[in-house]
Amino acid sequence: MTTPIHLVITSGEPAGIGPEVSFFGALEFLRLVPEVNITILGDQSLFTEFQMETTIDPLIGNRLRIQHIPLVDQNIAGTLNAKNAPYVLKLLDSAIDACIAGDFNAMVTAPLQKSIINDFGIEFTGHTEYLAEKTHTKRVVMMLCGKNSIAPNQAENFRVALVTTHLPLREVPDAMTFEAVVETIQIVHQTLKDQFGIPQPTLKVTGLNPHAGEGGHLGMEEIDIIQPAIEHAKSLAMDVSGPYPADTLFDLSQLPKLDAFIAMYHDQGLAPFKLACFGQGVNVTLGLPIIRTSVDHGTALLIAGKRQAEIGSMISAIELAFELAKNGTSNT
Ligand SMILES: NC(=O)C1=CN([C@@H]2O[C@H](COP(=O)(O)OP(=O)(O)OC[C@H]3O[C@@H](n4cnc5c(N)ncnc54)[C@H](O)[C@@H]3O)[C@@H](O)[C@H]2O)C=CC1
Ligand SMILES: NCC(=O)COP(=O)(O)O
């Protein structure tokens, strides 16, 4: 008999939709897939109402555990309370430590509110950067992947990886070094090969400037940084091309011919992705020594506590974590 995969979910910002999508997403996935156990980290009080209103088949309920980690202060759905910021980080730290210790095969994160952690006085830009720091990983890559819903006759997988993550736009050009572009291409190439089972991934890279710099007349980053980085990656036998103008690169008819887009910054890559996949997408951190996936959405404070949250993205995030864990690999 094989040992079931055991996943951990951090339920994220308590005032947001994280606890709701964690609980109902986990239940739905457990219904669909028998060979998995799920532990949700969070304050028990956030789940009691959900548990009371739901009839849970014991065969499913036995595979779902809430691991109580107490809130610091009171919680009201939809209203942020900075005093609970350390609680949100405690969920993350507990999951990271437990995954490193091998207690869980992978972690899935529900959304947190980055601003409230900063308001509490702790510098925080995102899970991606936090996970890199906590696991002492020099470079990680944020990749969103999902089934595109606007051109369903095209290939299903829309993947977009980012060279830079949560940065003020002003700081993006300085962060886009030759090393950053090369290492991002390498991490995406290697992960798609090793963890996603794509033997020779085809990657297409955006430029930074309008019209990919218009031959240097609208910016030099393409000529000075991106093109040399692509040439270097090609010399290492990677199937990568660009830099392409970002306004026309995200053409869904190209999806059958390529495995991932690589964009230079957050909104350049995530705006087209969310147009096509929002609500079903997964955010996966590549290059970590542990497996981490997440939803494609945020805390949605306006609908928190109203039972209007869609669970599609959480189910997809759990599914990808499960698949990667089942492959018996970490996404390094
Ligand atoms: N993985 C994470 O921890 C993420 C956290 N965030 C954080 O979330 C906060 C709010 O971000 P926003 O930009 O407002 O994005 P958001 O995704 O929270 O909301 C955007 C819109 O989508 C709706 N929405 C989001 N998720 C939904 C769901 N599951 N079901 C139904 N409707 C849903 C919201 O009601 C809103 O209209 C920010 O602090 C941001 O940093 C944002 C993205 C990911
Ligand atoms: N837009 C993606 C996002 O904000 C989530 O980032 P992270 O918290 O997973 O690093």
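On a predicted model such as this, the values are computed, not experimentally measured, just so you know. Atom set for the values below is all heavy atoms of this structure, side chains included, hydrogens, waters and symmetry mates excluded. Order of listing sets the numbers, starting from 1, for every ligand and every atom in it.
The 12-atom threshold is not exceeded at NZ of Lys147, counting heavy atoms of other residues, nucleotides or ligands nearer than 6.0 Å. Enclosure of atom NZ in Lys90 is not indicated, since only 12 or fewer non-hydrogen atoms of other residues, nucleotides or ligands lie within 6.0 angstrom. Around atom CD of Gln51, more than 12 heavy atoms belonging to other residues, nucleotides or ligands sit under 6.0 Å away.
At least one side-chain heavy atom of His68 sits under 4.5 Å from a side-chain heavy atom of Asp43. Using a 4.5 Å heavy-atom cutoff, the side chains of Ile9 and Met107 are not in contact.
For Asp259 (side chain) and Thr202 (main-chain N/O), a donor-acceptor pair under 3.5 Å exists by modelled atom type.
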Review point. Between His211 and Glu214, does a side-chain hydrogen bond (donor to acceptor under 3.5 Å, both in side chains) hold up when you go through it step by step?
Key: CA-CA 5 Å; His211 311 165; Glu214 193 78 33; 2.8 Å; yes

Point to revise | Candidate pair Gln280 and Ser313, rule side-chain hydrogen bond (donor to acceptor under 3.5 Å, both in side chains), full reasoning | key: CA-CA 4 Å; Gln280 303 297 327; Ser313 176; over 6 Å; no

Exercise for review: Verify side-chain hydrogen bond (donor to acceptor under 3.5 Å, both in side chains) between Ser294 and Thr109, making sure each step is shown before the conclusion.
Suggested key: CA-CA 5 Å; Ser294 189; Thr109 59; 2.8 Å; yes

Exercise for review: Please step through ring pair (Phe, Tyr, Trp, His ring centres under 6.0 Å) for the pair Phe273 and Phe250, ending with a clear verdict.
Suggested key: CA-CA 9 Å; Phe273 177 84; Phe250 297 96; 9.8 Å; no

Exercise for review: Starting from the C-alpha separation in whole Å, work towards a yes-or-no answer on side-chain hydrogen bond (donor to acceptor under 3.5 Å, both in side chains) for Asn209 and Glu222.
Suggested key: CA-CA 8 Å; Asn209 298 294; Glu222 288 77 7; 2.8 Å; yes

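By the 4.0 Å N-to-carboxylate-O rule, Arg139 lies too far from Glu179 to be salt-bridged with it.
Counting heavy atoms under 4.0 Å from ligand 1, residue Thr299 touches it through both backbone and side chain. At a heavy-atom cutoff of 4.0 Å, ligand 1 is contacted by the side chain of Ile17 but not by its backbone. Counting heavy atoms closer than 4.0 Å to ligand 2, residue Leu270 contributes side-chain atoms (C-beta onward) but none from N, CA, C or O. Residue-level proximity to ligand 1 for Met314 is absent, since no heavy atom of it falls below 4.0 angstrom. When non-hydrogen atoms are compared, ligand 1 lies under 4.0 Å from the backbone of Ala300 as well as from its side chain. Here Arg292 has side-chain heavy atoms under 4.0 Å from ligand 2, and that is the only part of it that gets that close.
Between Phe104 and His6, the angle of the ring planes goes over 60°, which puts this pair in the perpendicular group of the 30/60° scheme. The aromatic rings of His166 and His266 are tilted relative to each other, their planes meeting at an angle between 30° and 60°.
Residue Gly126 has at least one heavy-atom neighbour below 4.0 Å for each of these atoms of ligand 2: 8 (O), 10 (O). Of all the atoms in ligand 2, the ones that sit under 4.0 Å from a non-hydrogen atom of Thr128 are 7 (P), 9 (O), 10 (O). Within ligand 2, counting atoms from 1 as listed, the ones closer than 4.0 Å to a heavy atom of His266 are 1 (N), 2 (C). Residue Met142 approaches ligand 2 through these ligand atoms, each under 4.0 Å from one of its heavy atoms: 6 (O), 10 (O). Heavy-atom proximity to His127, at under 4.0 Å, picks out these atoms of ligand 2: 7 (P), 8 (O), 9 (O), 10 (O). With ligand atoms numbered from 1 in the order given, ligand 1 contributes 1 (N) to contacts under 4.0 Å with heavy atoms of Ser294.
Taking atom 32 (N) of ligand 1 as the reference point, the nearest protein heavy-atom neighbour is Ile303 CD1, 3.6 Å. Protein heavy atom in closest approach to atom 5 (C) of ligand 2: Asn283 ND2, 3.6 Å. Given atom 6 (O) of ligand 2, the protein heavy atom at minimum distance is His166 CE1, 3.1 Å. When only non-hydrogen protein atoms are considered, atom 20 (C) of ligand 1 lies nearest to Phe278 CZ, 4.6 Å.
For a threshold of 3.5 Å applied to N or O pairs, the pair formed by Gln113 and ligand 1 contains at least one separation below that value. Geometrically, ligand 1 and Lys114 share a nitrogen or oxygen pair separated by less than 3.5 Å. Close N/O approach between Ser294 and ligand 2 is not found [any backbone or side-chain N/O within under 3.5 Å]. Polar contact with ligand 1: present for Gly298 (N/O pair, distance under 3.5 Å). In terms of polar-atom proximity, defined here as any N/O pair under 3.5 Å, Glu310 does make such a contact with ligand 1.
In this structure, Leu112 is part of the shell of residues with a heavy atom less than 4.0 angstrom from ligand 1. Contact between Ala309 and ligand 1 is present, with at least one heavy atom of the residue lying under 4.0 Å from the ligand.
Between the side chains of Asn81 and Tyr87, no donor-acceptor pair is found at a separation under 3.5 Å.
In this structure, atom 13 (O) of ligand 1 has no protein heavy-atom contact shorter than 4.0 Å. Within a 4.0 Å radius of atom 1 (N) of ligand 1, the protein has at least one heavy atom. Protein heavy atoms are found less than 4.0 angstrom from atom 26 (N) of ligand 1. When distances from atom 35 (O) of ligand 1 to the protein are checked, a heavy atom turns up under 4.0 Å. Atom 30 (N) of ligand 1 lies below 4.0 Å from at least one non-hydrogen atom of the protein. Protein heavy atoms are found inside the 4.0 Å sphere centred on atom 5 (C) of ligand 1.
Taking the six-membered ring for Trp and the full ring otherwise, the centers of Tyr244 and Phe261 sit at least 6.0 Å from each other.
Scanning Glu20, His166, His297, Met142 for the heavy atom closest to atom 43 (C) of ligand 1 points to His297.
Tracing side-chain contacts under 4.5 Å through hydrophobic residues (I, L, V, M, F, W, Y), one never reaches Ile76 starting from Phe120; they form parts of separate clusters.
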